[in-house]
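Just the heavy atoms: all of them, side chains too, but no hydrogens, waters or symmetry mates, feed the values below. Counting convention: from 1, in listed order, for ligands and their atoms alike.
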Amino acid sequence: MTRPHDARDELTVEQKAMLLSGRDSWTTHPIDDLGIASVTVSDGPHGLRVQDDAPADNLALMASRPATCFPPAVALGSSWDPAVAARVAEAIGREARSFGVDIVLGPGVNIKRSPLCGRNFEYFSEDPLLSGVQGAAYVRALQKTGVGASVKHFAANNQETDRMRVSADVDEQTLREIYLPAFERVVKDAQPATVMSAYNRINGVYASQNRWLLTDVLRGEWGFTGAVVSDWGAVHDPVAAVRAGLDLEMPGTGGRSAARLVEAVRSGDLDETELDRAVGRVLALAAWRAEKAEEIDLDAHHRLARELAAQCAVLLKNDGVLPLAPSTRVAVIGELARTPRFQGGGSSRVNAARTESFLDAVTDVDFRPGYTLDGNGDPDRLRADAVACAAAAEVTVIFAGLPEAEESEGFDRTTLELPAAQIDLIKAVATAAPKTVVVLSNGGIVTLEEWHDDVDAILEGFLLGQAGGGALADLLYGVVNPSGRLAETIPRRLAHTPSHATFPGGQGHVLYGERTLVGYRGYTTLDRPVRYPFGHGLSYTTFETKDFSVEVLGADTAVARTTVANTGERDGSHVVQVYVGEPPAGPVQRPRRELRAFTKVFVPAGQEVSVELPLDRRAFAYWDLELSDWVVTPGEHSVQLGRDSETIEAEVSVHLDGDVVVRELTLDSTFQEWLEHPIVGPTLVDDLKSDLVRDAAQPHILRGIGSLPMQKVVNLLGDNLPAGLIDTLMSKTRR
Ligand code: BGC
């Protein structure tokens, strides 16, 4: 039988090496003679940043073509709705086609480990399930349009400080349970065209040169078949990178990396088959090339951006002042109402095709800027002017938020406060105005403590994309009923955040010391008060959930069911959140509760909708470091229906058979571990034939000496121990 034609057979080593790094910032090398086409990539993730003219750059310093700026990931995460992420991705796919872009560099599914991370606006959530579901929906929808995705930044890229070098020092249980699952879900459920390896190191090894990460886990365990692309400039040693499983180094290095790869093959340092493997994957990317599509309708995309943005904002507080009636006399305060902030800085910055401020979207309101975004101007005069205007209105809406200079790719924030001038403004206006509503625009969360109790309503808009102003108007006036939920906890103070003591580290290392207690997992386990918990969000209608039940289906899987009733006067959407918590005692620390299933349901006023949420084995499992596997502890597990991560409305305890774990015993295993071992434990006391052991095994004595390694017990027993017995027992536990 003849082997099918393989383009690699016709390539020289030099050509192969050349294909493994970019031609420039945004394209791969073509080899025209052999019909190998160039593939074009572009940022990503919430709109396109296509740079036509050199010099191109990955920091968005240079101009790019006008494109629709859709709601960034911070907003999509807050929608808790994969359909919203999918519709954004589908529209981006259409724009990519019209621009001739084959692969979009997104989505970003890194976990918001600290609210200070400068790039949190580009990530979905502090929770891996929510991040993974939104990311997978994005990738599936984008790739349906024929455009490839690049899920990034793999992995443990959770800060901007020293991002190109820092080693994220994180234990494997934490990686497996918190920092990898969103990537795992996207890879397994949506097969992205590419995965982008991160800048940072993980436990000392650069992500782009990390064989365990890129080959053992990503391909070996998760079955990834696409190409691994480096973040821009993340490769330090191209030979080590190829060996680890990296396929395409970006951007191009002017032939330097190719020369090193050729030299390594010639010297026998790198096997040519390793080169071939990577070349094969780069060539396969050509499958994502397609004919350029026709022009897109930017007006239709703007309308879509407005519709979807309105699904994302989170109503945090409302004493009844919202929604505003059309006849209400409204004062609008805050420069952000006129000059909206709707995206973050850095490589994701889109040259927005249109911009719609709140003031563009409403009529008949009195406006005063109240503050300036660049800090210029006389704050006292601006504030006094705003206060006078507010005093004459029925309701004042203050637009507050973070100026662009305060958050971006490339650096982390240092505080969670709004700018001082804005805080002063809110307090002064709230005193003078009959009713005050605050609308927030920020990529990472801000604390509300200094003014929360002074105002009547708070609408957290995060960053909503180019049509955010219109979406906020729709929400404030009740054209759309708010349905966003927090994808990230709003703490009372920065020092309460679980990662606080170790973020962002120093001297090249950041220790993930809070381990799995990230975000709400930390606040709930440590019993720390928060201002608004993960999952919180209000509506203009009211919902009741009833008949919560959980059925165990066998094989440690279950299904949770409940009925959602809309008991108010308006149609609206509710997010059903199912948490699993309080597992039986096991060998590792577990968070108090973890989100394991969710769904957003639309319920017309006065009606009910029943929902079913499957809980797979992983919903109950932890990562066992000794076994290198997922383990379900046998016994009772609590399944909880949460209004948010702190408000549990119903709870059902289920019994799971779980895994009977047989661990190998050694002389280093403790006496207690020997006694509890399912194979040798039950007869151990008899087998050792010693009164000393019999006494020691009594519960009140065992408590004190159970931690003795078996070697010490053996020493104590000396000659009384039957010869060879311990070895025989140990061999019974070997797998
Ligand atoms: C960012 C990536 C981005 C790339 C290309 C890097 O600096 O970390 O997210 O896709 O540049 O612009």
Side-chain angles (χ1 to χ4, degrees), residues 21-28 39-52 54-65 67 69 72-74 89 92 96 99 101-112 117-124 131 135 138-139 142 147-166 168 182-183 186 192-201 206-208 226-236 246 248-253 285 343-351 407-412 443:
S21 47
R23 171 169 64 176
D24 49 37
S25 285
W26 308 120
T27 62
T28 62
V39 171
T40 301
V41 305
S42 168
D43 283 308
H46 42 267
L48 288 162
R49 187 169 67 85
V50 177
Q51 294 180 311
D52 286 321
D57 70 296
N58 68 313
L59 297 173
L61 302 173
M62 309 293 169
S64 59
R65 275 206 236 170
C69 179
V74 57
I92 290 174
F99 288 163
V101 168
D102 307 310
I103 290 172
V104 171
L105 304 176
V109 299
N110 295 100
I111 295 297
K112 302 184 201 227
C117 173
R119 235 176 152 176
N120 274 356
F121 68 89
E122 268 191 79
Y123 303 140
F124 294 112
S131 304
Y138 180 111
V139 171
L142 178 73
V147 174
S150 192
V151 60
K152 65 191 188 183
H153 308 90
F154 191 52
N157 179 185
N158 309 99
Q159 65 186 52
E160 292 300 283
T161 306
D162 203 19
R163 68 169 164 159
M164 302 250 180
R165 299 181 308 183
V166 73
F183 290 98
V186 174
T194 69
V195 167
M196 188 192 291
S197 59
Y199 283 127
N200 50 284
R201 294 179 289 157
Y206 281 110
S208 297
V228 177
V229 179
S230 75
D231 200 344
W232 268 230
V235 170
H236 298 256
L246 187 108
L248 178 63
E249 177 183 2
M250 288 300 284
T253 58
L285 287 180
Q343 64 174 328
S347 62
S348 68
R349 167 176 288 283
V350 177
N351 177 10
E407 57 181 349
S408 162
E409 177 178 342
F411 63 89
D412 292 319

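The atoms of ligand 1 that sit less than 4.0 Å from any heavy atom of Trp26 are 5 (C), 12 (O). For ligand 1, the atoms sitting less than 4.0 Å from at least one non-hydrogen atom of Lys152 are 2 (C), 3 (C), 9 (O), 10 (O), numbered in the order shown with element in parentheses. When each atom of ligand 1 is checked for a heavy atom of Met196 under 4.0 Å away, the hits are 10 (O). Taking a cut-off of under 4.0 Å to the non-hydrogen atoms of Glu409, the atoms of ligand 1 that pass are 1 (C), 6 (C), 7 (O), 8 (O). Interface of Tyr199 with ligand 1, defined as ligand atoms under 4.0 Å from a residue heavy atom, comprises 6 (C), 7 (O), 8 (O).
Residue Arg49 places a heavy atom less than 4.0 Å from ligand 1. Ligand 1 has no atom lying under 4.0 Å from any heavy atom of Met250.
Heavy atoms of Met164 found under 4.0 angstrom from ligand 1: none, in either backbone or side chain. When heavy-atom distances to ligand 1 are checked against a 4.0 Å cut-off, Arg119 comes that close only through its side chain, counted from C-beta outward.
Considering only heavy atoms from C-beta on, Trp26 stays 4.5 Å or farther from Ile103 through its side chain. Residues Val50 and Val101 meet the side-chain proximity criterion, which asks for heavy atoms closer than 4.5 Å. No side-chain heavy atom of Ser150 sits under 4.5 Å from any side-chain heavy atom of Pro192.
For Arg165 and Tyr199, the positive end is not near the middle of the six-membered ring at less than 6.0 Å and at most 45° from its axis.
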Q: List the steps and the verdict of side chain to side chain contact (heavy atoms under 4.5 Å, CB included) for Arg163 and Arg119.
A: CA-CA 11 Å; Arg163 68 169 164 159; Arg119 235 176 152 176; 3.4 Å; yes

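Judged by distance alone, with hydrogens and angles left aside, the side-chain atoms of Thr194 form a donor-acceptor pair with the main-chain N or O of Ala149 at under 3.5 Å.
Once rounded to the nearest 0.5 Å, the distance linking CD1 of Ile111 with SG of Cys117 reads 11.5 Å.
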